[in-house]
Amino acid sequence: MNAPLPVEVLKQHLIDPEICIRCNTCEETCPVDAITHHSNNYVVDPEICNGCMACVPPCPTGSIDNWRLVVRAEAYSVQDQLGWEELPQEKPLPVDAAAGGEGGQPMPAPQPESGLAQAPAVTAATPGAAVPPWSAAHPYVNLYTHKTPITATVVGNYRVTGADTESDIHHIVLDFGEQPFPVLEGQSIGILPPGVDALGRPHHARQYSLASPRDGERAGYNNLSLTVKRVTQDHGGAAAHGVCSNYLCDLAKNDTVQVIGPFGHTFLMPNHPQANLIMICTGTGSAPMRAMTERSRRLIGTADIGKLMLFFGARTERELPYFGPLMKLPRDFIDINLALSREPGQPKRYVQDLIRERAAHVRGLLADRNTCIYVCGLKGMEVGVLDALRDVVVQSGEDWSILHDALRREGRLHFETY
Ligand code: NAP
């Protein structure tokens, strides 16, 4: 009698729909376009995924780092996954598959949720680092999930852009009272807007970066702040009502909000003495820069803080969030460079233009291994900022690709763009 053919086993890559915050990072990162989504879920196509792991380190929640051993012919299809509300349980493999696996070799056991333990995959699709700077504090992530959110109370909500401008940007302060919610600058949280979507399902969480430092919007209080722009148009300029941004901007003091998170384990600031920060942001992408700047400001006089250089892009001065408080910061503490794109009577300027104008300073900081670079804001700025940094380096006869690799390997170049 012929022996049965060994059953081919696949270590199938899956995304946990209960933890995923639908931020699109994985889909953008995947070098082979194996990740797709519809209004409910982000999913991995088993026909395309090659297990390269490029998507794992950038995922802020770790929801991407799930694996199931399945018989290849019975792999969960894209259609199956799109309908999931939660991950399926691990199924026992047929005896011949578990013992034999592909080509008769024993299959490795499924790995634990292990994104952080993996060697970070640095690919052309990930212009930034997949690891934090060496001296970053250790972050907590996923303490609260869609199923177990935490309730915060609104203790402040005010507009931080000119009242007569189109950009209605709010500074919102949330207090957690006696409940633990430890955070670091550069992390984000998810807000669960009340109500249901067009299909009658509860809304998914929306992600916002912290605008306050680890010890609270008010130092020593268990609170944090967000920078939220009221969305009234889609990317194409057509009228659109942002579900969560409008909910948040309309909150009153003492209202309560459902929060999940914290998220993020790489976009973190260095903690060692004389660490320099180059911060490059547009619009509400300024939130983490405010957090890092405030953290550094609170350390003045108690620690040996390095240099801070900020490139901040906005349409006009009055549409630049936190313009007033920012301009009051001492110039020997932070080197502020504002790129205004629609200021009447002034030429249109983007952050990348100013990086080139300040080439000598930027180059000096880049030459120092204590310098970390953070880029946050519009997706479109990513390429422009990378080109500007490359030009600054190449002008001095150095090789950008060598420095770029080192910045990523050493956790010194970080992007958070949407
Ligand atoms: P915005 O007002 O639309 O734009 C800010 C500035 O960036 C404007 O001067 C704009 O110039 C300029 N800009 C446009 N394209 C650019 C490019 N390719 N390179 C460089 N600068 C460019 O910005 P926003 O509406 O506040 O958007 C901020 C972004 O940050 C959003 O995508 C948001 O999702 C993201 N973000 C927000 C948070 C948060 O916590 N709220 C956190 C992380 C990221 P123009 O005059 O040409 O428009």
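Order of listing sets the numbers, starting from 1, for every ligand and every atom in it.
Taking 4.0 Å as the cut-off between side-chain N and carboxylate O, K229 and E166 do not count as a salt-bridged pair. Here R201 does not pair with E85 in a salt bridge; the nearest charged N to carboxylate O distance is not below 4.0 Å.
Ring-plane geometry between Y322 and H171 is classed as perpendicular, the angle between the planes exceeding 60 degrees on a 0 to 90 degree scale with a lower cut at 30.
N337 places no side-chain N or O within donor-acceptor distance of the main-chain N or O of F312, the cut-off being under 3.5 Å. Side-chain N or O atoms of D80 include one that pairs as donor or acceptor with a backbone N or O of S77 at under 3.5 Å.
The residue from F176, F263, F181 that alone fulfils the ring pair (Phe, Tyr, Trp, His ring centres under 6.0 Å) condition with Y144 is F181.
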For ligand 1, find each of its N or O atoms that sits under 3.5 Å from a protein N or O atom, and tabulate the pairs with distances to one decimal place.
from     : atom 1 : to   : atom 2 : distance (Å)
ligand 1 : 2 (O)  : K229 : NZ     : 3.4
ligand 1 : 3 (O)  : R315 : NH2    : 3.4
ligand 1 : 9 (O)  : A314 : O      : 3.1
ligand 1 : 9 (O)  : R315 : N      : 3.4
ligand 1 : 9 (O)  : S341 : OG     : 2.6
ligand 1 : 11 (O) : S341 : OG     : 3.0
ligand 1 : 18 (N) : G380 : O      : 3.1
ligand 1 : 19 (N) : Q352 : NE2    : 3.1
ligand 1 : 25 (O) : K229 : NZ     : 2.7
ligand 1 : 26 (O) : T284 : N      : 3.1
ligand 1 : 32 (O) : Y418 : O      : 2.9
ligand 1 : 40 (O) : S209 : N      : 2.9
ligand 1 : 41 (N) : T227 : O      : 2.8
ligand 1 : 46 (O) : S341 : OG     : 2.6
ligand 1 : 46 (O) : R342 : NE     : 2.6
ligand 1 : 46 (O) : R342 : NH2    : 3.3
ligand 1 : 46 (O) : K348 : NZ     : 3.3
ligand 1 : 47 (O) : K348 : NZ     : 2.8
ligand 1 : 47 (O) : Y350 : OH     : 2.5
ligand 1 : 48 (O) : R342 : NH2    : 2.7

